Structures are given as C-alpha cells and as structure tokens.
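Since the structure comes first, as structure tokens, the remarks are kept for the end.
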Amino acid sequence: MPSGVVVLTDRWVARRPLPEVIAAAVAGGVRWVVLREKDLPRAERAALAAELRAVLTEAGGALIVAGPDPLDGDAVHLPAAGPYPPPTCGLVGRSCHDAAELTRLTTEDYATLSPVFPTRTKPGYGPPLHHEELRKLIRISPVPVLALGGVESPDQVHACVEAGAVGVAVLGGVMRAEDPTEAATTLTRAFEQAFTPVPQSRQPASETEGEK
C-alpha cells in the first residue's frame, strides 16, 4: 500500500531525464512512484516504466502506472472519471476530489484527495481543500488516502498527516527541484517525524507526588 512520500512524474517540468530524477528521489527515501506521461506512445511509455521499475525494485520500491493499462506491471492509478468498475490488478488507486467521488469507490485499495494546497501543476483544478476539508473527507473515505496537490514543505506534510493521510503525493516539489535527493529527503523526514506516534506524556510530577 503506498504511503510516505509518493512521487508523481512529469517529464515536462523535470530538470533532468525522468530516470535520473527518480533515482535521485529514491536516494532520498522515496519508495513509491506514479508514472504519468500519458501522451507517450504505449511502447515508449512501457519502456520508461520498465526503466523506472528497475530503479525502484532495487531499492525495494514499486511503480504505479496512471491509467487502466499497467504497462506489464500490476499496479494502476485511475482518474475519477473511470473506468468503473476498476480493472483487476494487484494494486488499484483512484483520484478523488470530493465526497461524491469517495462514495463511488468499490474495490480500490487507496485514493488520492486533491488539490490540498494551491498548485502550479493544475492551478485551475478546483479550490484547495486545505486542512479541515481534507480531514473531513479522510474521515468518510472507505480506503487509505494520499494527500495530493501543492505539497512542497515539511509543514504541509505535517498538516496532511495530522489530517489523517497515510502519505503525500508530490509532483512539483521533486520534479522541479534542483536537487531531487535533497527535496525527497526533506519531505520523507518530515513524514516520518509526523507519522511517528507521540508517546503519551507522563503524569505531572505534582500529581504523582500528591498520590504518595
């Protein structure tokens, strides 16, 4: 199940070839990648998928392919519009943006909710959910949720985890980064810090002493 920092690809905004960017992100702790690049011919996209899988598999990670065609793999991420019912795959995710789309989920394993924050990638794709709306939607989601859209800072990662997300899906924060390894490391550490349960505080010393 995808969790932590999940990177979405976009070769048009990436500062280097995608395999190099993904390898750098993997060096920074990323273990899940969603391959987009839907404008590529299938043969080219399948070859790219194979190249990225090799990078991820070596590190114990996995590639998810956007669209119903897993490109010789076993994991897909579907758009909100369809297909319904989902295809049979080892792992199926779905893009969602509101409560109505969440209620249409059936056999999907996880969902993304977006946009959480203002985003340069899809600036006109609906108003940002922000923390409170994200929290409300996660509470009614039948599957684990990744927060997507405009996540570029540790504070934003913390806000998403606090709202109940099992991970954050990041595009521009890694694709546009001058140093994808540093960007991935920063976001991954933020997730690990946010997701680590805080130990229950002990009783105040004054109360303990009063019981003696």
Side-chain angles (χ1 to χ4, degrees), residues 2 5-26 28 30-57 59 61-98 101 104-105 108-128 146-152 167-181 183-184 187:
V5 177
V6 180
V7 172
L8 280 66
T9 71
D10 188 335
R11 71 189 190 284
W12 297 112
V13 302
R15 291 175 176 261
R16 306 183 217 166
L18 281 183
E20 291 184 22
V21 175
I22 296 307
V26 167
V30 169
R31 294 295 179 266
W32 291 91
V33 173
V34 177
L35 174 63
R36 296 166 72 244
E37 319 313 320
K38 294 182 181 181
D39 58 317
L40 285 175
R42 188 188 188 281
E44 291 183 32
R45 196 166 178 244
L48 178 58
E51 190 171 1
L52 298 185
R53 277 194 196 100
V55 173
L56 285 156
T57 300
L63 182 75
I64 303 170
V65 177
D69 182 355
L71 298 176
D72 305 318
D74 199 29
V76 295
H77 185 87
L78 306 173
Y84 289 96
T88 301
C89 275
L91 180 69
V92 179
R94 174 88 66 182
S95 295
C96 294
H97 310 88
D98 53 38
E101 291 175 353
R104 291 166 62 183
L105 298 174
E108 291 88 346
D109 299 293
Y110 75 92
T112 59
L113 277 171
S114 64
V116 179
F117 304 106
T119 170
R120 287 181 285 172
T121 303
K122 292 185 177 180
Y125 205 78
L146 300 174
L148 167 64
V151 181
E152 298 188 2
V168 293
V170 179
L171 192 154
V174 171
M175 291 290 116
R176 295 190 183 95
E178 292 187 13
D179 186 341
T181 298
L187 296 176

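This is a predicted model, so every value here is computed, not measured.
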**OP:** Using the test side-chain contact (heavy atoms from CB on, under 4.5 Å), find all partners of Ala59 that sit at least two apart in sequence or belong to another chain.
**Re:** Val26, Arg31
Could you list the donor-acceptor pairs under 3.5 angstrom formed by side chains in residues 79-96, with sequence neighbours left out?
| from | atom 1 | to | atom 2 | distance (Å) |
| --- | --- | --- | --- | --- |
| Tyr84 | OH | Ala80 | O | 2.8 |
| Arg94 | NE | Glu108 | OE2 | 3.0 |
| Arg94 | NH1 | Pro79 | O | 2.9 |
| Arg94 | NH1 | Gly82 | O | 3.3 |
| Arg94 | NH1 | Pro83 | O | 3.3 |
| Arg94 | NH2 | Pro83 | O | 2.8 |
| Arg94 | NH2 | Glu108 | OE2 | 2.9 |
| Ser95 | OG | His77 | NE2 | 2.8 |

Subject >> Side chain proximity check, Leu35 to Leu52, heavy atoms < 4.5 angstrom >> reply: yes
Original post:
side-chain hydrogen bond (donor to acceptor under 3.5 Å, both in side chains) with Arg11: which residues, sequence neighbours excluded?
Top reply: Glu37, Asp39
Subject >> Those residues that, when tested against Phe117, pass ring pair (Phe, Tyr, Trp, His ring centres under 6.0 Å) (two or more places apart) >> reply: none
Subject >> For Asp69, side-chain hydrogen bond (donor to acceptor under 3.5 Å, both in side chains) partners two or more places apart >> reply: Arg42
Original post:
Roughly how far, to the nearest 0.5 Å, is the OG1 atom of Thr9 from the CD1 atom of Ile64?
Top reply: 11.5 Å
Subject >> Donor-acceptor pair, side chain of Thr181 and main chain of Gly28, under 3.5 angstrom >> reply: no
Original post:
Minimum heavy-atom separation for Asp72 to Ala46, with atom names?
Top reply: OD2-CB, 4.3 Å
Subject >> Residue pair Leu187 / Glu152, side-chain heavy-atom distance below 4.5 Å >> reply: no
Subject >> Nearest atoms (heavy-atom pairs only) where Leu56 meets Ala62 >> reply: CD1-O, 3.6 Å
Original post:
Do you know which two heavy atoms are closest between Leu8 and Arg36, and how far apart they sit?
Top reply: CB-CD, 3.9 Å
Original post:
Listed by chain and number, what are the side-chain hydrogen bond (donor to acceptor under 3.5 Å, both in side chains) partners of Glu101, not counting sequence neighbours?
Top reply: His97
**OP:** Grab the two heavy atoms, one from Pro70 and one from Val65, that are nearest each other, plus how far apart they are.
**Re:** O-CG2, 3.5 Å
Subject >> Side-chain donor or acceptor of Thr112 paired with backbone N/O of Leu146 under 3.5 Å >> reply: no
**OP:** Mind checking the CG-OG1 spacing from Leu171 to Thr119? Nearest 0.5 Å is all I need.
**Re:** 7.5 Å
Original post:
Taking all non-hydrogen atoms of both residues, which atom of Met175 and which atom of Ile22 are closest, and how far apart?
Top reply: CE-CD1, 4.0 Å
**OP:** Identify the heavy atoms of Arg16 and Asp179 that sit nearest to each other, and give their distance.
**Re:** NH2-CA, 4.3 Å
Subject >> Test side chain to side chain contact (heavy atoms under 4.5 Å, CB included) applied to Val174 and Val21, Val33, Asp10, the passing residue >> reply: Val21
